[in-house]
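A, B, ... follow the sequence lines: proteins, then strands. Residue 1 opens every chain. Please read all numbers here as calculations on a predicted model, not as lab measurements.
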Amino acid sequence: MLRAKIEQVGGWAIEKWDFFKDFSIFVARFFRVLFSKDTKKGVILDVMVMQIYFTAVQLLAFFLMISVIIGTVFIGVVLSTVKNLGLSEFLGDIIVVLVALEMGPLITVLLIALRSSSAINTEIAVMRVNGEIDSLISYGIDEMSYLYIPRVISVTLCVLVMSTLFSIIALLSGFIFSFTIFDISAAAYSELIANSITLRDVGVLGIKSVLMGFFISIIPIFYGTRTKRQFNMIPVSVLKGMMSVFSAIIIVEALLLALKLI
Amino acid sequence: MKGDIKFKVGLFLVLSFAMIIFSAIFVMVVKDVFTEHYYYNLSSDSGDGLTVGMSVQFSGFQVGRVERIELTEDGIVMIRLKIPSRHSKWFRKNSKFTLEKPFIGSPRITVTTPNMQDEPLSEDETIEIKTIDDINEVIKKAQPILERFDSVAQNIEVMTDKESKLNKAIENAEKIMEDMAKSDGLLEMLTGDRQSAQALITTLRALPELVDEAKNTISDLKVVIAEAKEQVFGEEGTVPSVNALLSDVDLKFKELDKLIENLIEISDDLKGGTKDIDVLRKEIDEAVSSASSLIKDIRNNLPFEQKKEIKLP
Amino acid sequence: MHPLNFAHVSPDLPLLSNLTIEDNIALITRYHSNVSRGKILPVVEKLMEDAGIIHLKGERLAGVNKNDVFIAKLLRACMIDDAVIVIERPFEMLSGQKSFNIIQETLDSIKNMYNSCIVLDYEWHRNFYGKAV
């Protein structure tokens, strides 16, 4: 009985270790191919354009609307709370840290993960089950350079650009509340925000966006490639992939927070 | 791939990067990255509360930041302020610099310039900075209050101790309340004895009768005296014993008056809940017994029938 | 012989469902020769015209019948320079066809695009080939 339990734990640990090892190999191969001279840039660019179109351009209107609404409401809540607590002195810092550093990347990543990560996971899983990846391989097309690299680069780029856009738009729309609640002029508001932004903040925003963008694209791809050759395994692959995507988002957030505190 | 997809993606990327670059330039302009700066040097004995990037304020407005803090070989802290050229006019030779550590909020360096017509402050000069520490001031002010709080806390501790007077008083009060709940009345509770209370109640009930009896006796006595006066102060002369008796009676009258007053007082006291019930009871007993003996004396000493017999010829 | 000269047409090697028919055909050349889409597209369109599937331009796999998909696969294989085409189980890729004629006609229409062609099929499909075998 006890032996069986221990075996169960051991089996679980080996399975997890194998998964981690496979993922590490996959990521290592990704970078090796990315920086390889043989990688064909022309086709990659076309795939990237399509991926950016699906990830960012199609989402843009909704994304802008969300960033205005959330930015306005959130900054309004923060401003009124700060005013009630008498912490007006820290207004700029609070807004910059909460909106630009925390909310911007997080909401962008969640929206893109919700839309594109699940789509990428499904697409790769379908291609795998359907034998389309085998087709590519049989014609000497490296699936890593043709399918995976452009998707990861595009999603990472989109997260970086869109989280920066979110921060800018949210901060701009926050002016409406600062004007009505605090009666702050546009010049004073921009000075307040600009003085609170440091190069380090911009760096943290960039690193966070790149890391999150990378993981929310490479994880669903990895799960897609591991799908068993049965159509009913596609939803299972997407389900597992998306759970791992959300875990990765939380881990990156926690790691960066820990780094900030150290 | 359709051409319009490429166009849309290109437009998105161009506009996004343009917006990001524009925002970055705007922030840099507001942060005076492109502005000419003046650098002023301050010195301090301690670097406590000083941080790189902390605000330099004039009349409550930020006019610059601390760019660098250094500890020199001779142990003095050198502070370098970075001031945009448009704010350099506030820095004059007579300017005073204070490091303010407010109780709430971050520390800041405040510049005060009493005379704006003075010469501009030179970048080569080093001015000593003063420190206003609100936190320590508050702690100093709070110290005696804290000490008083401490003694109050100690007092409360003593008061709430198991053996404390307060606790005992509460215990006694509880006991009294219990007794009140158990016993028949206030008197029993006060005397602590059921029999004493009963006796006192009986005595108190008898009091009005005694007073009435005394009053009746006195009125009788008055009649007797009037008769005696007639008989004794007649032409037949005065019997010395009667005179003595009368003076004695007069004395007794006074005592009786006092007694009545005492009785009335006692009854009032009792009504008001006099604490010393035992003493009261004794007084009442004494008063009653003396009243009885007085009446007895009067009765013994006044053989009215005999007086008639003494009738003088 | 360059290993890529071997061009496999098989039911196990489908076209990519997320690309149009012409992009599927153009992919191999684009990838290996790093040619832009604009340059390769006229060649592909000419090929499609010759094979009689130009009407599939802009279409994706979902809107195309099995016979047309087979021809598209054949054209994809032809994009390999000097290709040795190996067609595996062709009648599995064709719907309701029991004659080699359609395959022969397509191969004839693109005869300049490949070196040679080998058909691999089951013994019991021999009669489908008629005089060709």
Side-chain angles (χ1 to χ4, degrees), chain A residues 33-34 36-55 58 116 118-151 154-155 217 220-221 224-225 227 229-231 234, chain C residues 1-41 44 60-62 64 69-70 72-89 92-93 114 120:
Chain A
V33 176
L34 177 66
S36 160
K37 281 179 188 172
D38 299 333
T39 302
K40 308 294 187 293
K41 307 288 187 289
V43 188
I44 287 181
L45 269 177
D46 275 0
V47 181
M48 275 177 64
V49 169
M50 285 309 289
Q51 191 60 54
I52 291 171
Y53 179 74
F54 292 131
T55 307
Q58 282 191 338
S116 294
S118 52
I120 289 172
N121 200 151
T122 314
E123 186 185 24
I124 302 296
V126 167
M127 288 180 88
R128 159 96 175 141
V129 174
N130 223 11
E132 292 176 31
I133 292 175
D134 293 337
S135 273
L136 289 174
I137 294 166
S138 79
Y139 282 106
I141 297 169
D142 181 17
E143 82 280 17
M144 181 62 87
S145 66
Y146 174 68
L147 283 179
Y148 311 151
I149 287 175
R151 280 168 175 74
S154 306
V155 171
S217 51
I221 288 173
T225 60
T227 312
R229 284 176 180 270
Q230 283 171 268
F231 280 104
I234 293 170
Chain C
M1 190 185 191
H2 195 279
L4 277 174
N5 283 7
F6 170 71
H8 199 175
V9 179
S10 161
D12 298 331
L13 302 175
L15 296 175
L16 300 193
S17 49
N18 57 4
L19 292 181
T20 57
I21 297 295
E22 67 269 26
D23 282 325
N24 260 297
I25 297 166
L27 181 65
I28 295 164
T29 312
R30 288 199 63 203
Y31 184 83
H32 289 293
S33 311
N34 221 4
V35 181
S36 73
R37 188 173 182 267
K39 268 188 184 173
I40 197 72
L41 218 54
V44 172
R60 288 182 188 240
L61 207 55
V64 182
V69 170
F70 170 74
K73 279 183 181 179
L74 210 56
L75 296 184
R76 178 176 69 172
C78 288
M79 294 304 288
I80 292 172
D81 290 339
D82 211 19
V84 176
I85 297 173
V86 177
I87 303 172
E88 187 192 337
R89 291 171 285 149
E92 269 187 41
M93 292 181 268
Y114 66 94
L120 303 174

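Under the side chain to side chain contact (heavy atoms under 4.5 Å, CB included) test applied with S154(A), the options I44(A), V47(A), I52(A) reduce to a single match, I52(A).
With a 4.5 angstrom heavy-atom cutoff, L19(C) touches chain A only via side-chain atoms. For chain C, the nearby part of L136(A) is the side chain; its heavy atoms alone come within less than 4.5 Å. Heavy atoms of S17(C) lying under 4.5 Å from chain A belong to its backbone as well as its side chain.
Residues R30(C) and D46(A) are paired through a salt bridge, judged by an N-O separation under 4.0 Å between the basic side chain and the carboxylate.
The salt bridge (Lys or Arg N to Asp or Glu O under 4.0 Å) analysis of residues 141-150 of chain A, with sequence neighbours excluded, yields the pairs R29(A)-D142(A), R29(A)-E143(A).
Residues passing the side-chain hydrogen bond (donor to acceptor under 3.5 Å, both in side chains) test with N24(C): none are found, sequence neighbours excluded.
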